[in-house]
2 protein chains.
Amino acid sequence: MRLLFLGTSAAVPTPERGLACTCVERSGEILMFDAGEGAQVAFARAGLGWNRPMRVFVTHMHGDHCVGVLGLIQTMSLHHRAEALEVYGPEGIIEFVTASLRSLDVIPPFPLALTAVSPGTVVAARGYDVLACAALHRVEAYSYLLAEHERPGRLDTAGVEALGVPRGPLWGRLQSGEDVKVGGRTVRARDVTGPPRRGLRVGVSGDTRPTPGLEEFFAGCDWLVFESTFSHELRQKALDTMHTTAREAGELAARAGAKNLVLTHFSARHGDAAGLLAEAREAHASVTAAHDGLEIEA
Amino acid sequence: MRLLFLGTSAAVPTPERGLACTCVERSGEILMFDAGEGAQVAFARAGLGWNRPMRVFVTHMHGDHCVGVLGLIQTMSLHHRAEALEVYGPEGIIEFVTASLRSLDVIPPFPLALTAVSPGTVVAARGYDVLACAALHRVEAYSYLLAEHERPGRLDTAGVEALGVPRGPLWGRLQSGEDVKVGGRTVRARDVTGPPRRGLRVGVSGDTRPTPGLEEFFAGCDWLVFESTFSHELRQKALDTMHTTAREAGELAARAGAKNLVLTHFSARHGDAAGLLAEAREAHASVTAAHDGLEIEA
């Protein structure tokens, strides 16, 4: 699994940072969280293909988080995308995208599904779920959690060879937990595979104040991508605009037991985010400040 | 007057070229022709201020020409713009902007006027008019012409000094064509000013096939910014998608008697546009191929 940070600025783009857009690439699929204006440019720059299986999750209906959906759909249309595209978000996403595509005379040549989310399971896919939790912002807003399913343990390849199981489909069946017969003898999957491997959990906050609900929602996640629009010195501004300070993000991640915290969504006034990083590190041991183009192997 | 090319790509942005956006800066005001996705980034990079008198003219309602209006309005709002913003375009611009701002929870703190254009005079401002002409594209589309008013001739400053007119307000009155009295004697403006200076005319095609109507509309203009999406080798593609080839742009500019032609709106397949430039130069003596960031003193 790979995390890609395509846009890391809050509210307005800067020469160094584009508007909100974070992607997770896993098993050939792209899960995009937010798509601010310019997302298609960053998406193209990252070399992600226009016809990949893809789901977009919009956290809330502010322009710097969702206007880029229009350009993505238009450019995918021009590139003759055939794969379905699923877009999830607050109820307003349906009217915004539908009305805009009508105004802009765009008729996607691929199936486009727009879905209003509510707290709970948003997507139950092969290998993972995506869940939503109410966030606390100036408009209806959601945080998302990508929760991979538990995966079967690794196959003991030396062991199965020793047991005379020929390399090929039988190995795949054993790996997926199925017992197989070889020369009249049963080889049990549980004897030749390691313990089940837990799936990774990746949380994405969107814009929000920190809340106990989010702390619970993100409990124990492996990677937590949390907004930290302001330094703690500007906490009043964070309260007024319903954002989170870097220190608050660090504290929430620590209380939630998140293994790794990635800060993003920086106010333009904070330049290189070094101060925000230092602040969050006072509360949490593993913190990264995202920048446009950052990729993390998770 | 200054022409600024903020986005010069057709349909999809490339690493080098943003989506359609051309500005004219004159007497402190910005006239923007089209605003594709990312226009606000290029606008900020060009160092144009968020609170300048400004009018936006959208040629047609394709996303790569108008989606950027949303981000411009949002960012101007965040920067507490107070000046009115006027946006002109096909009728659809009104519904697109109004519905989108509602979806995105943006309430501009400045007066925002959205106006549907029809062929003829769109704006009659102090010092210039902007006119629209029907273009020929896949949807309702307009070309625009900025026509400066005739300006009074230059004041013969040595002459007025010799006639004993003191430097100050009287000079300004003479310059603007008014006769003045000095020591009981009348100094006539026409005796101390040169011939009236014609205003500049700048045409912007938007997306279109070349037409006789546009040739007439752009007759004798000083600067003609014309789309040349394709090379002439791809003329069939230009016909199918209702665009203009570089050679056709050169020929139209020559027939219209345009003094200078600037090509823009290049298909991503044409790379550095050198071939398109050469093609247009076969038909017209003064051709420039625009690139993002190009500025021309007109």
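Every chain is numbered from 1, with letters handed out A, B, ... down the list of sequences.
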Flag if over 12 foreign heavy atoms under 6.0 Å of CD, B:E91: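 No, CD of B:E91 has 12 or fewer neighbouring heavy atoms, counting only those of other groups under 6.0 Å.
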Whether over 12 other heavy atoms sit under 6.0 Å from A:E295 CD: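 For A:E295, atom CD is crowded (more than 12 foreign heavy atoms under 6.0 Å).
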Within the structure provided, determine whether [X] and [Y] are in side-chain contact (heavy-atom separation under 4.5 Å).
| X | Y | value |
| --- | --- | --- |
| A:R45 | B:P15 | no |
| A:Q74 | B:D64 | yes |
| B:D105 | A:M61 | no |

Contacting region of B:A11 [heavy-atom separation from chain A under 4.5 Å]: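 Both backbone and side chain.
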Structural part of B:I93 lying under 4.5 Å from a heavy atom of chain A: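 No part of it gets close to chain A.
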Greatest number of heavy atom pairs closer than 4.5 Å to chain B - which of A:P13, A:G92, A:A99: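 Option with the greatest count: A:P13.
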Heavy-atom pair of closest approach, residues A:V12 and B:H79: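 In this case the closest contact between A:V12 and B:H79 is CG1-CE1, 4.3 Å.
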Any donor-acceptor pair under 3.5 Å from A:E37 side chain to B:G38 backbone: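 It does hold such a pair.
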Atom group of [X] that falls short of 4.5 Å from chain B, counting heavy atoms:
| X | answer |
| --- | --- |
| A:V139 | side chain |
| A:A42 | neither |
| A:L101 | neither |

Audit row: B:L19, A:Q40, side-chain contact (heavy atoms from CB on, under 4.5 Å) steps and yes/no: CA-CA 12 Å; B:L19 292 174; A:Q40 65 162 317; 4.1 Å; yes
Separation between SG of A:C66 and CG of B:L70, rounded to the nearest 0.5 Å: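 It comes to 9.0 Å.
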